[in-house]
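One structure below.
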Amino acid sequence: DVVLTQTPPTSSATIGQSVSISCRSSQSLLDSDGNTYLYWYLQRPSQSPQLLIYLVSKLGSGVPNRFSGSGSGTDFTLKISGVEAEDLGVYYCVQGTHDPLTFGSGTKLEIK
Amino acid sequence: EVQLQQSGPELRRPGSSVKLSCKASGYSITDYLMHWVKHRPEHGLEWIGWIDPEDGETKYAQKFQSKATLTADTSSNTAYMQLSSLTSEDTATYFCARGGVYYGLLLNWGQGVMVTVSS
């Protein structure tokens with residue numbers, strides 16, 4: 001199975017600060033169809049996860065544009081440009097290129 | 001508006017089974033895969049498997065092959081997951097999630113259902 005390693009496991013930020021989260025895959029996530037099936041989800045405390053980013057860099061519907069995704073192959077990054085209080089929670093990268101679907105270990109974002 | 005309404009919290013004894021439901025509204029469940037995901041705070045999110053309600057095809061993560069059984073009832077637009085031979089390791093919150101046009105795209109999530117396994 002593909003292993004997704006997220007760093008850091010925990011991040012603490014002040015309001016307005018920019019934050020980056022890394023997701024490294026044990027295999028390339030570039031599919032033979034040319035797509036890279038890498039997603040980012042946020043699970044706020046006591047809530048269901050929600051989609052932030054799909055196909056590495058495409059913003060989910062209704063997701064603020066302070067969120068952005070980048071990367072290719074095995075290395076991917078989620079960036080929050082100007083953290084807001086509502087951004088606290090656990091961020092997960094997910095890959096769908098290889099079966100089975102796998103989740104990263106999560107990065108907990110705390111607000112100082 | 002797409003909504004996934006999951007059944008209420010469950011308390012079960014070790015060795016028993018439980019069947020969870022996920023009723024969809026705002027779309028037909030035959031249009032997309034339905035995924036199930038396990039959450040334990042100390043372990044994060046784990047993908048259990050998916051069902052294609054249109055033809056009943058299923059796919060499971062290896063560790064859930066003999067633990068979970070996914071079914072769907074198209075007449076009620078509802079997906080189900082049965083968990084068998086429950087142990088304390090199955091104590092968790094379980095989510096259903098609607099798939100999208102890309103594999104791994106989990107567009108809408110249920111509110112989650114807490115399953116507690118305790119003697």
Side-chain angles (χ1 to χ4, degrees), chain A residues 1-7 9-10 21 23 25 29-63 69 76 89-109, chain B residues 1-7 9 20 22 24 26-27 32-52 57-68 70 92-114:
Chain A
D1 296 359
V2 171
V3 176
L4 299 177
T5 302
Q6 287 184 234
T7 54
T10 304
I21 299 169
C23 175
S25 174
L29 300 184
L30 176 62
D31 193 73
S32 56
D33 66 4
N35 286 323
T36 299
Y37 297 97
L38 187 282
Y39 310 86
W40 290 95
Y41 294 86
L42 164 62
Q43 185 176 25
R44 295 188 174 100
S46 302
Q47 292 190 22
S48 307
Q50 66 175 95
L51 175 70
L52 295 175
I53 301 285
Y54 66 100
L55 299 182
V56 178
S57 60
K58 298 182 185 301
L59 212 57
S61 176
V63 176
F76 304 91
V90 182
Y91 291 78
Y92 295 92
C93 57
V94 177
Q95 69 81 27
T97 299
H98 304 282
D99 256 330
L101 220 66
T102 49
F103 285 76
S105 48
T107 294
K108 185 175 184 178
L109 177 62
Chain B
E1 180 194 3
V2 172
Q3 288 191 339
L4 299 175
Q5 182 64 41
Q6 297 188 241
S7 43
L20 311 178
C22 172
Y27 82 104
Y32 298 97
L33 301 179
M34 185 71 80
H35 297 255
W36 289 83
V37 176
K38 178 180 182 180
H39 178 243
R40 291 180 290 175
E42 66 277 18
H43 292 93
L45 298 171
E46 286 183 275
W47 180 73
I48 296 170
W50 56 252
I51 181 168
D52 183 345
E57 181 183 0
T58 55
K59 190 170 190 72
Y60 299 92
Q62 188 165 10
K63 71 175 288 188
F64 293 102
Q65 283 274 7
S66 56
K67 171 63 62 178
L70 304 182
T93 298
Y94 293 87
F95 294 97
C96 58
R98 184 188 81 147
V101 295
Y102 303 114
Y103 195 58
L105 184 62
L106 305 173
L107 278 172
N108 306 93
W109 295 67
Q111 82 274 23
V113 55
M114 180 69 197

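We name chains A, B, ... by the order of the sequence lines, and we start the count at 1 in each one. Quick caveat, the model's predicted, so the values are computed rather than measured.
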Within the structure provided, determine whether [X] and [Y] are in side-chain contact (heavy-atom separation under 4.5 Å).
X: B:Leu106; Y: A:Pro49; answer: no
X: B:Tyr103; Y: A:Gln95; answer: no
X: B:Gln111; Y: A:Gln47; answer: no

Taking it one step at a time, do B:Trp109 and A:Leu51 satisfy side-chain contact (heavy atoms from CB on, under 4.5 Å)?
CA-CA 9 Å; B:Trp109 295 67; A:Leu51 175 70; 5.8 Å; no
Kindly compute the distance separating [atom1] ([X]) from [atom2] ([Y]), expressed to the nearest 0.5 Å.
X: A:Tyr92; Y: B:Leu45; atom1: OH; atom2: CG; answer: 4.0 Å
X: A:Tyr39; Y: B:Leu107; atom1: OH; atom2: CG; answer: 9.0 Å
X: A:Asp99; Y: B:Trp50; atom1: CG; atom2: CH2; answer: 8.0 Å
X: B:Gln62; Y: A:Asp1; atom1: CD; atom2: CG; answer: 7.0 Å

Nearest atoms (heavy-atom pairs only) where A:Ser48 meets B:Gly112:
OG-N, 4.4 Å
What part of B:Phe95 lies closer than 4.5 angstrom to a heavy atom of chain A: side chain, backbone, both or neither?
side chain
Whatever's closer than 4.5 Å to a heavy atom in chain A on B:His43 counts as neither
Ring-plane angle category for A:Tyr37 and B:Tyr102, please: parallel below 30°, perpendicular beyond 60°, tilted otherwise.
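The rings of A:Tyr37 and B:Tyr102 sit tilted, inter-plane angle from 30° to 60°.
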Part of A:Leu38 lying under 4.5 Å from any heavy atom of chain B
neither
